[in-house]
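To start, the structure itself, in structure tokens.
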Number of protein chains: 2
Amino acid sequence: MVVEVRQRQADRSRGTRRKLMEATVDCLVERGWSGTTTILVAERAGVSRGAQLHHFRTRGELVAAAVEHLGAESVLVLKARAVGVGRSPVAVVGLIADFYASDLFSAALELWVAARTDPELKTIVLPLQTKIGRETHRLAVELLGADETRPGVREAVQITLDLVRGLALANQLADDRKRRAGIVRHWATMLEAALEES
Amino acid sequence: MVVEVRQRQADRSRGTRRKLMEATVDCLVERGWSGTTTILVAERAGVSRGAQLHHFRTRGELVAAAVEHLGAESVLVLKARAVGVGRSPVAVVGLIADFYASDLFSAALELWVAARTDPELKTIVLPLQTKIGRETHRLAVELLGADETRPGVREAVQITLDLVRGLALANQLADDRKRRAGIVRHWATMLEAALEES
DNA sequence: TAACAAACAGTCAAGACTGATTGTTAGCCG
DNA sequence: CGGCTAACAATCAGTCTTGACTGTTTGTTA
């Protein structure tokens, strides 16, 4: 019984933390970095301010946790979507481009930009960004079935990722889907050639 | 005499406004959007708070003016740098990529991201962004000596611009110059092929 | 069952930011 | 020379955000 109850408590605790972290991400998407206040997060999470402060003593702590959460979730989402996607360059580039056009990226972008001028945030975001960047690269290589030992292939994959980030940027202020699709298609063709080139 | 003095006054007024707008851009670069407070801007500009409020009654007014100023300056800077640059794709792509890696872009990015969740700012930034995007595209076409009537050329130029924006993003948190140079070189080769392809 | 710990709720004071109000100076006009 | 206006200065009140503090409920251990 003792163990069970402890489990129940731990579960609840974890649930509350999760709700807070997810509410933080939601706020980032809806209100942006400066609009993400602790009060708003608590309200959105349906958690009292006291409970919030119990779990995350400062805004920094909350954000740090949210960043980690966001990073983990991003990778998961991307991998999940990758299941069942064709291996053709168009499909793969489209997949990644669409992912970068999602709300998750908007939230990440808010953190990214804020981290530039916020040292505390930077120490959290920078290493995570590096890690996610690497993982995304690896996933792209895998999905494309690319052979990185061949000359130019590694660069082509890098171009793909930098390009989709640029496209994602253009998508922040207005719906850029149509233009994006055209560019994705065009780049996919070039990428295919680069991958197959002997 | 009357006219002269009026002129002197008008000059001073314009100078103060300019100082305020430039200080706003500086603050954006150094402190980010939420760190750009009216007080800080006034201090940086060496202008009293009263004078500031005299010229720009609200924060919104100040920012709107700064955005316009930034836009105009960006185009000028880019065009100025373009003078005397070789017409080879490597040189042109490098030029644009370096420009997007400058402080001016950091400031623009702050506004860009903030505008996503700030309707007032959005109404200012969006049209200007469209305009600058078009001008940059035109400039790139001109510098590259590209013939947009040929198939794929327009898309190749668009890819170039979206790519450099993606690269600029990666450059925000850490100095990415080395990696960027490699990608620029690689893409320039692909671009050259795309432009010359009959 | 009594002592204790963890989760949670509500209140409050300090500090920051914005914008409004009031006062001052320089130069023109009649 | 006195009134008048534009530019500028200084102060102040209201609002928002943060995090500290105190109290309450629920669960745990001896």
Side-chain angles (χ1 to χ4, degrees), chain A residues 1-24 27-28 30-66 110 114 117-121, chain B residues 1-24 27-28 30-66 110 114 117-121:
Chain A
M1 330 297 113
V2 174
V3 174
E4 273 177 30
V5 173
R6 267 203 194 138
Q7 191 60 38
R8 243 178 284 152
Q9 264 195 348
D11 272 356
R12 202 168 49 157
S13 182
R14 219 176 307 143
T16 304
R17 291 178 70 91
R18 235 175 79 92
K19 268 194 281 185
L20 283 167
M21 293 186 290
E22 284 175 2
T24 304
C27 279
L28 281 173
E30 284 182 21
R31 306 291 189 96
W33 169 253
S34 60
T36 300
T37 67
T38 55
I39 292 178
L40 198 66
V41 169
E43 277 172 11
R44 280 200 74 93
V47 165
S48 81
R49 192 151 164 65
Q52 177 187 41
L53 248 60
H54 173 75
H55 287 289
F56 304 103
R57 301 170 82 175
T58 69
R59 188 176 193 260
E61 250 181 58
L62 171 63
V63 170
E110 293 284 344
T117 51
D118 184 331
E120 186 192 344
L121 188 57
Chain B
M1 325 300 113
V2 174
V3 173
E4 272 176 31
V5 173
R6 275 210 185 127
Q7 191 61 35
R8 242 178 284 151
Q9 268 193 347
D11 273 355
R12 201 166 52 156
S13 182
R14 220 177 307 140
T16 305
R17 292 177 69 91
R18 234 174 78 93
K19 269 193 282 185
L20 283 167
M21 292 186 292
E22 284 175 3
T24 304
C27 278
L28 281 173
E30 283 182 22
R31 307 292 189 95
W33 169 252
S34 61
T36 300
T37 68
T38 55
I39 292 178
L40 198 66
V41 169
E43 277 173 11
R44 280 200 73 94
V47 165
S48 81
R49 192 156 163 63
Q52 178 187 41
L53 247 61
H54 174 75
H55 287 289
F56 304 104
R57 303 175 78 173
T58 69
R59 189 177 193 263
E61 249 182 58
L62 171 63
V63 170
E110 293 284 345
T117 51
D118 184 331
E120 186 191 345
L121 187 56

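The chains referred to below are lettered A, B, ... by the order of the sequence lines, with proteins before strands, and numbering in each begins at 1.
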Could you tell me how far apart [X] ([atom1]) and [N] ([atom2]) are, to the nearest whole angstrom?
{"X": "A/Arg31", "N": "D/dC16", "atom1": "CZ", "atom2": "P", "answer": "12 Å"}
{"X": "B/Glu120", "N": "C/dT18", "atom1": "CD", "atom2": "C1'", "answer": "13 Å"}
{"X": "B/Leu62", "N": "C/dG19", "atom1": "CG", "atom2": "C1'", "answer": "13 Å"}
{"X": "B/Arg14", "N": "D/dA6", "atom1": "CZ", "atom2": "P", "answer": "17 Å"}
{"X": "A/Glu61", "N": "D/dT18", "atom1": "CD", "atom2": "P", "answer": "14 Å"}
{"X": "B/Ile39", "N": "D/dA10", "atom1": "CD1", "atom2": "P", "answer": "14 Å"}
{"X": "A/Arg59", "N": "D/dT17", "atom1": "CZ", "atom2": "C1'", "answer": "9 Å"}

Report yes if a side-chain nitrogen or oxygen of [X] is closer than 4.0 Å to either non-bridging phosphate oxygen (OP1 or OP2) of [N]; otherwise report no.
{"X": "A/Thr16", "N": "C/dC8", "value": "yes"}
{"X": "B/Thr58", "N": "C/dT18", "value": "no"}
{"X": "B/Thr38", "N": "C/dT18", "value": "yes"}

Reported CD-to-CD distance for the pair A/Gln52 and A/Glu61, which is rounded to 0.5 angstrom
11.0 Å

Could you measure the distance from the CG atom of B/Leu121 to the CH2 atom of B/Trp33? Nearest 0.5 Å is fine.
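So the CG of B/Leu121 and the CH2 of B/Trp33 are separated by 4.5 Å.
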
Closest to the B/Ser13 side chain, choosing from C/dA7, D/dT17, D/dA7
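The answer is D/dA7, which lies nearest to the side chain.
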
Let's see if you get this right: which residues in residues 40-56 of chain A place a heavy atom under 4.0 Å from DNA chain D?
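When residues 40-56 of chain A is checked for heavy atoms under 4.0 Å from DNA chain D, the hits, listed by number, are A/Arg49, A/Leu53.
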
Mind checking what makes salt bridge (Lys or Arg N to Asp or Glu O under 4.0 Å) contact with B/Arg18, not counting sequence neighbours?
B/Glu22

What residues form a salt bridge (Lys or Arg N to Asp or Glu O under 4.0 Å) with A/Arg49, not counting sequence neighbours?
none

Listed partners of [X] passing side-chain contact (heavy atoms from CB on, under 4.5 Å), at least two apart:
{"X": "B/Ala64", "answer": "B/Ile124"}
{"X": "B/Ala66", "answer": "B/Thr24"}
{"X": "B/Glu30", "answer": "B/Arg44"}

